[in-house]
Structures are given as C-alpha cells and as structure tokens.
Amino acid sequence: MTLPGWLERGLADLFPHAADQRNQSLSARLAAAQQADRPLRVKLGIDPTANSIHLGHTILYRKLRAFQDAGHTAVVIIGDFTARIGDPTGKSATRPRLDPREVEENARTYLEQLGPILDFATPGRLEIQRNSTWLAKLDLGQVIRLLGTATVGQMLAKEDFANRYGQGTPIALHEFLYPLLQGYDSVMVRADVELGGTDQKFNVAMGRDLQRCFGQPPQFGLLMPILTGADGVQKMSKSLGNTIGLREDPLTTYSKLEKVADAVVDDYVTLLTDLDPAALPRDPRQRQKAMALEVTASLHGREAAQQAQAAAAALVLTPRSSSTSAAQVPEIRLASIWDWSTPIPAYQLLHGVFKTRAGVTSASEARRRIQGGGLRLDGEKITDPKAAFARETLEGKVLQLGKKTFCRLVA
RNA sequence: GGGUCGGUGCCCGAGUGGUUAAUGGGGGCGGACUGUAAAUCCGCUGGCUCUGCCUACGUUGGUUCAAAUCCAACCCGGCCCA
C-alpha cells in the first residue's frame, strides 16, 4: 500500500513505518477511516511562547491543511498550559516561564496568522483545543502515573537533555514533564496522527507510549523537515534572526526569499509550495526568483507577489526615484516619527523609520549604520549622520537601508 | 546540608587595583566584489540631546584617590560527598 502524494510530499519521517510489520501502516488506517467514513484526527500542537509565525512553521500547517483538504480533522492544540513549562527541545537552557496573559495574547495572534493557511470554514475540519482544559485538572496521583510511564534513562537519552547534562548546564525536573504532558494531549484528543518537526520525534513517540498505556491505538508520527533559514545553514529560528515572518510585507518577504542560499532553494519549493521542482528554471538565479515568487504568492496572493517582484527588480537595478516611484514599498508617515518644528538629523530619521523592522534599535546604531555607508535616500548615499533634512525634502522619497530594506516616506 | 570551582558584552571566552566600554574568536550588520548568492577583502557590533555625558563585568554593601579585579553577605549554577 502506498501513501497519497499530498501526504508524502516533503516527509522527513513517518513512524511506525509500514516496514515495521507488526503495527498496521498509516495507509491501512487511512483506508479503514475511509471505509468507516470517519475522518482521521490529526494533531498539531502550537507552542504559544512566541507571538509570530515564520515560514518554517508553515510547513506543518500546510501539511495539516492537506489533511483537511483530504477530509480529515485538524486538531490544533494550543499549549497554553505546557507553555508554562516551555518545550526543552533544542534548548540549551531552562526557559523562563510565561505569564498566562502573554500566552493568551500569543495564541490569539497565532491563530490570526493561520487564517490564510488552514481551512477554518468547512465544518468538521478544524478543532481548536487548549491543553489547560485537561492539564490544569490533573491531580498529583495522575501526575505520578504519567511520570511512571517513562524512565530517567529515556529522558537522558534525548539529545537535548543529554547535551545539557553532559555540558553541566542545569535541567530542572519539571522539564521532564513536558514530553509527558504533550503525549497526554494525544491521549485526550485521541489523535490518529501527530504532526511535528523532526526535532519533535521524542515527544511524538511519547504520545504513542501514553496512548498505549491508556488503552488507545497509538498515533502515527509524521515529521517534517526543519526549514533552513536564509543563510542555508542553520534552522530558521527567531533567536537566530534568519526568519521570514508571515506578517512581513510582500516586498520584504520576496526580497528575503530571493536571496536564500542556492542549496536550500529546492527544499523551499518542496516544503512551501505545490510546484514540481523539476519544472523550475535551471539557472540558479531564475530558480530562486521563481521560488520566491511562488512562496510570496502563497502568503500574500499572486498579485501582491508579482508587484513585489517587479518592485524588487526596480529598486535594486536602478535605485533612482524615477523607477522607485512606481514600485510598491512599505510606507511610513513622516508625522509619526518627528515633530518637524526643526529639520531631522539623518540618524534620527533612520532610527525613527526602521526601528521596528530592521533592528535599528538605538540612535547610536543608526549613526553606525550611516557611517558604515548603509543608508540611501532615493539612491543617494548619505554618509553624515547629522545631515539635516526638512520635511518637504523627504516627502515621497524612498529610504533604503542596506540592500534589502526599503521604506517610502509619505506625508 | 558539607566540600570545591565558577557567574564578564548576542554567544564563547581573556582580563585579578589605575589610558578598561573592557584582548580574541563566533555570530550579526554594513561596504567593495557578485547572481540581491557563495567565497574573499574592509569596517561596525552598550546608551544618549555625542568633540561631551551616562550606564555596564550575578546582587547588595564595604575598603580605596581609583575595583570587573580586594573584602563581606546574599542569589544562581557545575562537580564530589551526604
């Protein structure tokens, strides 16, 4: 028995695999579900410890959507309770605990960003659960039962714990609880399949153990690759600063995608689009562009993506006002950054315009960037941080920081 | 609980009384080059109302003209013992 193409696309790992004889395979469970006219329950946990989603996350949501489109039920679990522990996976230190209000806020913005990806509309295709619903009610006896299902040896066999233990970095006891609670979520929602990144293998496997322990058929673990960030080497992660966020404007999204390392372009195509990699242009530069266009389109719509592509070309090739005037770039209102009773010094302008998006977090940082030659106004390089600009001389012009960050100044 | 070692900037890691905003490396950012890539070279990498001022080496006090560097208490961590 083979798996449908939509399911197999991009898969990093599926367990138990059909070859592991004694359990029935996923394709068998799919068939059985179809025969019984019962959709599979596909679990995906959201860790609401951050407030924005980046492209790396969408790999999982796209797969979840594929299940929805095949008629199955997506069970999205908001880990509002487990967020208080913090997933130790991949972490080299105990994480600070978040307060519930923050968690709630994160969950809200998270779901908002998922709007374009998941099917929220079709009845029966989406369930949203908060794991505090059941986890907050566990009493000590039940916790002890959970703790009894795993051993210290198993926990220490987990790579992150092993590393931390080996290096002498602290591991708090409650961190051992995280995999167990995530597994217990699978029990509570009676998951048939759990989706996760390859780094989630341990936690997903734990879900199988717990389900078996609670007399349920164990779920299948379906793991997707971790997306490599723009640098092409490290995983895409907020803390590494190599992310492409879902809330970024189309031009920024496109610009970042277009300069992704060659080695990962094909991964992006497989994991973030429905295109056939073989159908793309051979030339690496053209290939990058095609990928960037398609991915941007999947997030912002085709029209916005095409505009972004045109704008990117215009801005880079001829960074002059004649061509940029036609380009669509994010805008910022001058009134929002200065009172204009006096002309604004260049470094204040830079600080005011880009502090929220390009990491110009201080006026000193702005000075440095200008001194380093990274600032242009309508293509004209500005080198003196103190050069002053009156409001009238700025209206309608494009401020450029580095090669890929642009902003149009409007009244 | 006892013993011992340790806590420095985004990360690692020098520095044990006085040009120290603090050597070096990594990462990041910018510039040149290029394919808006990679590689390479160069610059930057605490804050501000910036020819100066302010804040910083776990925390709080103390000694001193002067401390990341000395003393005390406390907090946190590793290892060994219980």
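In summary, the side chains of A:Thr82 and A:Asn131 do present a donor paired with an acceptor at a separation below 3.5 Å, with no hydrogens or angles considered. Side-chain atoms of A:Ser27 and A:Ser25 include a donor-acceptor pair closer than 3.5 Å. Using modelled atom types, one finds a donor on one side chain and an acceptor on the other under 3.5 Å when comparing A:Gln182 with A:Glu194. A:Gln288 and A:Arg285 form a side-chain donor-acceptor contact under 3.5 Å, judged by distance and modelled atom types alone. Under 3.5 Å, the side chains of A:Trp6 and A:Asp274 contain no donor-acceptor pair of N or O atoms.
With P as the reference atom, B:rG25 and B:rC76 are 36 Å apart, rounded to whole Å. B:rC71 and B:rG77 are spaced 23 Å apart, taking the C1' atom of each and rounding to whole Å. Between B:rG1 and B:rC53, the two P atoms lie 48 Å apart (nearest whole Å). Annotation: B:rG26 and B:rG9 have their C1' atoms spaced 14 Å apart (nearest Å). Taking the C1' atom of each, B:rU51 and B:rC41 are spaced 32 Å apart, rounded to whole Å. Between the P atoms of B:rU8 and B:rC70, the separation comes to 16 Å (whole Å). B:rU55 and B:rA39 have their P atoms separated by 42 Å, with the value rounded to a whole Å. Annotation: B:rC11 and B:rU19 have their P atoms spaced 25 Å apart (nearest Å).
Atom NE2 in A:His351 sits about 14 Å away from atom C1' in B:rG46, given to the nearest Å. The separation between A:Met291 atom CE and B:rG35 atom C1' is 14 Å, rounded to whole Å. Distance A:Glu365 CD to B:rG28 P: 15 Å, rounded to the nearest Å. The separation between A:Arg287 atom CZ and B:rG35 atom C1' is 15 Å, rounded to whole Å. Computed from coordinates, the A:Lys256 NZ to B:rA37 C1' distance equals 17 Å when rounded to whole Å. Atom P of nucleotide B:rG27 and atom CE of A:Met236 are separated by 19 Å, given to the nearest angstrom. A straight line from CG of A:Leu401 to C1' of B:rU45 spans 15 Å, rounded to a whole angstrom. Protein atom NZ of A:Lys259 is 12 Å distant from nucleotide atom C1' of B:rG30, rounded to whole Å.
Residue A:Lys381 is in sugar-phosphate contact alone, with no base atom involved, counting any heavy-atom pair closer than 4.0 Å across all strands shown. Within 4.0 Å of A:Gln288, counting heavy atoms only, lies at least one base atom of the nucleic acid.
Distances were taken from every side-chain heavy atom of A:Pro284 (C-beta onward) to each of B:rA32, B:rG47, B:rG35; the shortest belongs to B:rG35. Distances from the side chain of A:Ala363 to the nucleotides B:rG47, B:rC48, B:rG35 place B:rC48 closest.
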Just to be sure I follow the notation: if a pair is Watson-Crick (purine N1 to pyrimidine N3 plus N6-O4 or O6-N4) or a G-U wobble (N1-O2 and O6-N3), each under 3.5 Å, what dot-bracket string does RNA chain B give, with | for pairs to another strand? ((((((((.[[[..)..(.....]]]((((((.......))))))(((...)))...[[[[[..)....]]]]]))))))).

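RNA chain B is contacted by both A:Lys386 and A:Lys289; A:Lys289 maps to the nucleotide lying nearer its 5′ end (nearest heavy atom per residue).
For A:Gln286 and B:rG35, the shortest distance from a side-chain N or O to OP1 or OP2 is not below 4.0 Å. The shortest distance between the side-chain N/O atoms of A:Tyr347 and the OP1/OP2 oxygens of B:rC50 is below 4.0 Å. Between B:rC48 and A:Ser364, a contact under 4.0 Å exists linking OP1 or OP2 to a side-chain N or O.
With rounding to the nearest 0.5 angstrom, the CG atom of A:Leu246 is 9.5 Å from the NE2 atom of A:His57. Separation of atoms CD1 (A:Ile46) and CG (A:Asp80) is listed at 11.0 Å; rounding is to 0.5 Å.
Not a single donor-acceptor pair, N or O on each side, falls under 3.5 Å between the base of B:rG35 and the side chain of A:Asp283. The base of B:rC50 sits within donor-acceptor range of the side chain of A:Arg367, with an N or O pair under 3.5 Å.
A salt bridge links A:Arg164 to A:Glu175: at least one charged side-chain nitrogen sits closer than 4.0 Å to a carboxylate oxygen. A:Glu104 and A:Arg108 are not joined by a salt bridge, as no carboxylate oxygen comes within less than 4.0 angstrom of a charged side-chain nitrogen. A salt bridge between A:Lys386 and A:Asp384 is absent, with no side-chain N of the basic residue lying under 4.0 Å from a carboxylate O of the acidic one.
No donor-acceptor distance shorter than 3.5 angstrom exists from the side chain of A:Asp192 to the backbone of A:Gln219, with no hydrogens or angles considered.
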B/S/- contact track for nucleotides 74-82 of chain B, protein heavy atom under 4.0 Å: ---SS----

